[in-house]
Amino acid sequence: MALLEISPSYAGSRALPPNDLSSRPINPLLAFKNRRPSLPCSARRIPRILCSVSPNQVQAPVLSATPAGATIKRECFGVFCTTYDLKAADKTKSWKGLINIAVSGAAGMISNHLLFKLASGEVFGPDQPIALKLLGSERSFQALEGVAMELEDSLYPLLREVSIGKDPYEVFQDAEWALLIGAKPRGPGMERAGLLDINGQIFAEQGKALNDVASRNVKVIVVGNPCNTNALICLKNAPNIPAKNFHALTRLDENRAKCQLALKAGVFYDKVSNMTIWGNHSTTQVPDFLNAKINGMPVTEVITDVKWLKEEFTERVQKRGGVLIQKWGRSSAASTAVSIVDAIRSLITPTPDGDWFSSGVYSTGNPYGIAEDIVFSMPCRSKGDGDYELAKDVIFDDYLRERIKKTEAELLAEKRCVAHLTGEGNAYCDLPEDTMLPGEQ
């Protein structure tokens with residue numbers, strides 16, 4: 001076991017005298033697998049808290065100093081800075097290779113729920129070790145250190161590395177998944193166009209960072225609102241990453257729609273399938289009851305009250321977040337985190353035969369006649385390889401087409417508002433109406 005001593009400047013740390021602790025074995029669950037050797041403390045740039053382990057306290061041999069030509073590691077945190085040799089550890093022999101997951105807004109409420117789900121193995125599986133790369137801001141950095149401390153204290157065996165930072169060019173290095181949660185909330189009197197511009201600048205910069213330093217096949221899920229257009233900005237600033245790899249989160253809307261249909265039909269929500277959210281993550285979104293099924297039957301055959309489906313059902317899904325805020329006084333952080341988990345699992349788990357899931361994806365080449373070059377929520381299927389295909393066995397009626405056109409027009413207007421951030425000339429804002437979702441303000 002190691003004791004931590006933190007200097008006032010966080011410039012480094014040293015192991016305190018072991019006393020009678022040297023006889024106690026280190027928990028093997030904290031051992032690292034395939035860990036890149038880290039540089040000495042003097043070579044690191046960001047303020048840090050380090051946990052040192054004296055040689056006589058380590059049962060497995062500590063790796064030697066950084067070999068020539070080794071990659072410089074981003075700022076590690078606490079016990080995650082300690083390198084162990086796991087060759088003899090039976091626990092890890094069947095584990096997969098380490099994957100790097102970057103999370104922005106990592107000190108926020110959504111991340112406070114999400115990070116522990118990621119670290120526990122709930123998302124990527126019980127044999128998938130992960131490295132968490134947490135991005136914060138100058139204002140949130142102290143809170144980010146607190147998050148890292150909680151992760152450290154939780155002793156998750158699959159959590160092999162935690163690094164924290166304020167520079168996306170460092171935090172996104174080699175990221176294979178990027179969960180972009182951080183965004184500025186909408187302040188009093190702020191127009192939606194203003195929110196688009198302020199947050200658009202954040203996602204333009206993060207897109208450039210991903211383009212420069214992330215894995216070429218990184219999967220990006222944009223959560224910060226307005227998420228569809230933020231995802232478009234991000235992908236336009238990352239030309240070396242396939243546009244198909246970018247997603248805007250509409251899974252919470254899908255989950256809410258399934259819940260409402262299940263309640264109306266008197267069934268459990270796992271009986272609801274083929275639920276699509278079309279379009280924008282705003283009040284123009286289209287919860288599609290025409291293609292949805294309950295117990296394998298079309299929803300319209302189970303719930304025959306078409307007026308309820310067109311009016312009350314749609315409005316309940318759109319305004320569910322606002323009702324929650326009124327009841328609880330806070331936005332839906334926990335259920336948003338769950339929906340992020342669902343979105344990831346839908347990409348890494350084969351979609352059940354005949355079913356699909358909703359995600360905001362790049363619309364170019366879609367088979368539905370939806371305008372190209374926007375990020376639009378559509379029905380997707382995956383083979384479980386992180387990729388997806390658009391569902392083709394979809395039916396439309398005049399009502400659905402009309403609603404889709406409305407949300408399409410809004411996204412095209414948002415795109416014009418951020419033209420200066422996507423390399424398409426001067427911005428021009430002509431948003432048809434304010435369709436703010438609860439939680440943006």
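Position 1 is the first residue of the sequence, and the numbers go up from there. Values below: every heavy atom of this structure, side chains too, minus hydrogens, waters and symmetry copies.
- The minimum heavy-atom distance linking A257 with F313 is given by the pair O-CE1, 3.6 Å.
- Side-chain atoms of N112 do not come within 3.5 Å of backbone N or O of A107 as any donor-acceptor pair.
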Anything under 3.5 Å between a donor and an acceptor, one on a side chain of residues 263-272, the other on a protein residue two or more places apart or in another chain? List them.
none

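- Legend: residues meeting side chain to side chain contact (heavy atoms under 4.5 Å, CB included) with T276, ordered by chain and number and at least two apart, are W278, D288, W356, S358, P379.
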| request: Determine, step by step, whether I294 and I303 satisfy the side-chain contact (heavy atoms from CB on, under 4.5 Å) criterion, reporting the C-alpha distance in whole Å, the side-chain angles of both residues, the deciding distance to 0.1 Å, and the verdict. | output: CA-CA 9 Å; I294 297 175; I303 301 173; 4.1 Å; yes
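- At least one donor-acceptor pair under 3.5 Å links the side chain of S137 to the backbone N or O of S140.
- With R345 contributing its side chain and E122 its backbone, the two residues share a donor-acceptor pair below 3.5 Å.
- Rounded to the nearest 0.5 angstrom, Y362 OH and M378 CE are separated by 11.0 Å.
- Across all non-hydrogen atoms, the minimal contact from K383 to P350 is O-CG, 3.4 Å.
- A search for disulfide (SG to SG under 2.5 Å) contacts involving C417 returns C429, not counting sequence neighbours.
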| task | Check the pair L249 / T336 against side-chain contact (heavy atoms from CB on, under 4.5 Å), numbers first and verdict last. | result | CA-CA 9 Å; L249 184 74; T336 299; 4.1 Å; yes
| request: Show the numbers, then the answer: is there a side chain to side chain donor-acceptor pair (under 3.5 Å) between H247 and S359? | output: CA-CA 6 Å; H247 297 257; S359 188; 2.7 Å; yes
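- A donor-acceptor pair is defined here as one N or O able to donate and one able to accept, closer than 3.5 Å; no such pair exists between the side chain of S377 and the backbone of G279.
- Checked by atom type and distance alone, the side chain of S363 pairs as donor or acceptor with a backbone atom of I374 at under 3.5 Å.
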| Where do E176 and S215 land on the side chain to side chain donor-acceptor pair (under 3.5 Å) test, with the steps shown first? | CA-CA 6 Å; E176 294 157 275; S215 163; 5.8 Å; no
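- Scored by the side chain to side chain contact (heavy atoms under 4.5 Å, CB included) test, V147 finds L115, L134, L151 as partners (sequence neighbours excluded).
- In R139, the CZ atom is not crowded: 12 or fewer heavy atoms of neighbouring residues, nucleotides or ligands sit closer than 6.0 Å.
- Annotation: side chain of W177 is in contact with side chain of I344 (closest heavy-atom distance under 4.5 Å).
- Side-chain contact check for R256 and S332: at least one donor-acceptor pair (N or O, by modelled atom type) lies under 3.5 Å.
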| task | Give the C-alpha distance, both sets of side-chain angles, the deciding distance and a yes or no for side-chain contact (heavy atoms from CB on, under 4.5 Å) between L114 and I181. | result | CA-CA 10 Å; L114 175 65; I181 300 170; 3.7 Å; yes
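- A donor and an acceptor atom, one from each side chain of T283 and Q318, are nowhere located under 3.5 Å apart.
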| So R216 and D174, salt bridge (Lys or Arg N to Asp or Glu O under 4.0 Å) or not? Walk me through it. | CA-CA 9 Å; R216 297 301 82 184; D174 300 324; over 6 Å; no
| query | Run the side chain to side chain donor-acceptor pair (under 3.5 Å) check on N230 and N225 step by step: do they pass? | reply | CA-CA 7 Å; N230 286 341; N225 283 321; over 6 Å; no
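- Cation-pi contact between K133 and F172: absent, since separation from the ring centre below 6.0 Å together with deviation from the ring axis within 45° is not met.
- Partner H281 forms a side-chain contact (heavy atoms from CB on, under 4.5 Å) with one of T229, T250, V222, V223 and no other, that one being T250.
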| request: Begin from the C-alpha positions of F376 and N366 and carry the test side-chain contact (heavy atoms from CB on, under 4.5 Å) through to its verdict. | output: CA-CA 10 Å; F376 199 93; N366 78 85; over 6 Å; no
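- Put simply, the side chain of S154 never gets that close to the backbone of Y156: no donor and acceptor are under 3.5 Å apart.
- The OG1 atom of T422 lies 9.5 Å from the CG atom of L235; values are rounded to the nearest 0.5 Å.
- Taking the side chain as every heavy atom from C-beta outward, V299 and K293 never approach each other to under 4.5 Å.
- The closest side-chain heavy-atom distance from V286 to I277 is not below 4.5 Å.
- Residues satisfying the side chain to side chain donor-acceptor pair (under 3.5 Å) test with N199, not counting sequence neighbours, are none.
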| message | As a quick check of understanding, evaluate side chain to side chain donor-acceptor pair (under 3.5 Å) for Q285 and N280, giving each step before the final call. | response | CA-CA 5 Å; Q285 65 179 259; N280 201 5; over 6 Å; no
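- Under a 3.5 Å cut-off, the side chain of N237 and the backbone N or O of F203 do not form any donor-acceptor pair.
- Shown here are the side chain to side chain donor-acceptor pair (under 3.5 Å) partners of E315, two or more places apart in sequence or in another chain: K319.
- Side chain of S104 to backbone of G182: a donor-acceptor contact under 3.5 angstrom is found.
- Residues L390 and Y368 meet the side-chain proximity criterion, which asks for heavy atoms closer than 4.5 Å.
- Salt bridge absent: R381 and E389 never bring a charged side-chain N and a carboxylate O closer than 4.0 Å.
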